[in-house]
2 protein chains.
Amino acid sequence: MKHGRKRLLPCGRARSVPNGKAQVSFQDLINKLNSHLSKHRLKKSYSRLAIMDVIFRHARHFSIPDLVQLAQIHRPDIAFATIYRSGPVLLSAGILKKSLSDDSGHTIYELDSEVHHDHIICKDCAEVFEFHSPAIETQLSMVAGSYGLSLTVHEHVLWAECSYFQRES
Amino acid sequence: MKHGRKRLLPCGRARSVPNGKAQVSFQDLINKLNSHLSKHRLKKSYSRLAIMDVIFRHARHFSIPDLVQLAQIHRPDIAFATIYRSGPVLLSAGILKKSLSDDSGHTIYELDSEVHHDHIICKDCAEVFEFHSPAIETQLSMVAGSYGLSLTVHEHVLWAECSYFQRES
DNA sequence: ATGAATGCAAAGGTTTTGCACCCCC
DNA sequence: GGGGGTGCAAAACCTTTGCATTCAT
């Protein structure tokens, strides 16, 4: 017997709004994409627009397999190979960025809002919160400096509990 | 043509000593394992000991595929399925913990030293440093509190540069 | 016309699982 | 003896790739 199909999108991943902040518009995404494409002599295509649309409308924090599933629902005409191939393009266009890692180890992506933030994931309700703390950022630079390193990026994931459900012993 | 086989262990993962701190002994691992086994009515086995031995002696930060490779070298009698199956056991026994995520998205494990620390990975030399900052920890609890959450664990990975190699443009 | 992008299917790689057998309690 | 643990192989999943075709410029 195969293990049960996982829920399509754990609730924390499907939020359309993060924590109140204004996010990029779809037009922003198109602009980023076009500028990247022309910069690298690449061509416009329907598929990448459709993929961006699926992400913009239906996904917030997602793995590539998540995205494949979503696309099969909303844009079944797009082959999964195309989705895998568009990943690197959307990444280097600055449209997506890696945000955190799954419980199961899959890399999770999100729209690159250009507003740096880190994540708190609630183990009880599976909600994903975003936060930003300049104080912490400052500390981090100091830590890196003490190793003779200069910081580029960091990935910071907090796991917490809201006690929404009873804890099991 | 398939892409080149990756190095067996990127240099940063094979360190036998972290940053000078004393680490758990092998006996500690055995004790943890035994107490977990008896607590859950599980049975002792040679394989899990052998796997712990491989980890203790040859691995520092590793993915499960890394571990499979290492075991094939040092304990070729252990089936890879056994290694995959022992992962959850060693995790819940508190012997291993997830430490960070690969560039390619693989979850990386390490011995759970009970000394909490976070990681700085140098993109130039691939070294993995460990650090601990109480000041940051305090900030984090405050952040979580502001969301009504209580912090359990967190995963914090800094990516930095030491300029050991010339940067490419 | 040229080369990028796609769909399809196959190949590669990783992880899980079914089952018979073994071994610890 | 009963039930967990293991090895083996198959299955399931995930990701990349080759190739013919389509499409954008």
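Lettering of chains follows the sequences in order, A, B, ..., and the numbering in each one begins at 1.
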What integer distance in Å separates [X]:[atom1] from [N]:[atom2]?
X: A:Leu49; N: D:dA24; atom1: CG; atom2: C1'; value: 13 Å
X: B:Asp66; N: C:dG13; atom1: CG; atom2: P; value: 16 Å
X: B:Ile64; N: D:dC13; atom1: CD1; atom2: P; value: 20 Å

- Item | Test log, rule side chain to side chain contact (heavy atoms under 4.5 Å, CB included), inputs B:Leu29 and B:Leu49 | CA-CA 9 Å; B:Leu29 301 187; B:Leu49 277 184; over 6 Å; no
- Query: Is the shortest side-chain N/O distance from B:Tyr84 to OP1 or OP2 of C:dT15 below 4.0 Å?
  - Reply: yes
- Message: Could you walk me through whether B:Asp53 and B:Arg75 satisfy the salt bridge (charged side-chain N to carboxylate O under 4.0 Å, His left out) test, starting with their C-alpha distance in whole Å, then the side-chain angles of each, then the deciding distance to 0.1 Å, before giving a yes or no?
- Response: CA-CA 10 Å; B:Asp53 179 66; B:Arg75 300 278 184 164; 3.0 Å; yes
- Message: For A:His154 and B:His156, take the angle between the two ring planes, folded into 0 to 90°, and tell me which bin it lands in: parallel under 30, tilted 30 to 60, perpendicular over 60.
- Response: tilted
- Query: Any idea how A:His119 and A:His117 line up, ring-wise: parallel (<30°), tilted (30 to 60°), or perpendicular (>60°)?
  - Reply: perpendicular
- Could you run down nucleotides 1-7 of chain D 5' to 3' and tag each one B, S or - for protein heavy-atom contact under 4.0 Å? -BBSSBB
- Taking all heavy atoms of A:Asp112 and all of A:Gly94, pick out the closest pair and write down the distance. CB-O, 3.3 Å
- Results of side chain to side chain donor-acceptor pair (under 3.5 Å) for B:Tyr84 - residues two or more places apart only: none
- Message: Run the side chain to side chain contact (heavy atoms under 4.5 Å, CB included) test on B:Lys44 and B:Leu33 for me, step by step, so that the C-alpha distance in whole Å, both residues' side-chain angles and the decisive distance to 0.1 Å come before the verdict.
- Response: CA-CA 9 Å; B:Lys44 295 180 183 177; B:Leu33 181 61; over 6 Å; no
- Message: So if I take the C1' atoms of five pairs at each end of the helix from C:dA1-D:dT25 to C:dC25-D:dG1 and get each local axis, what angle do the two axes make, rounded to 10 degrees?
- Response: 30°
- Do B:Leu91 and B:Ile95 share a hydrophobic cluster, counting only Ile, Leu, Val, Met, Phe, Trp and Tyr and linking them when any side-chain heavy atoms are less than 4.5 Å apart? yes
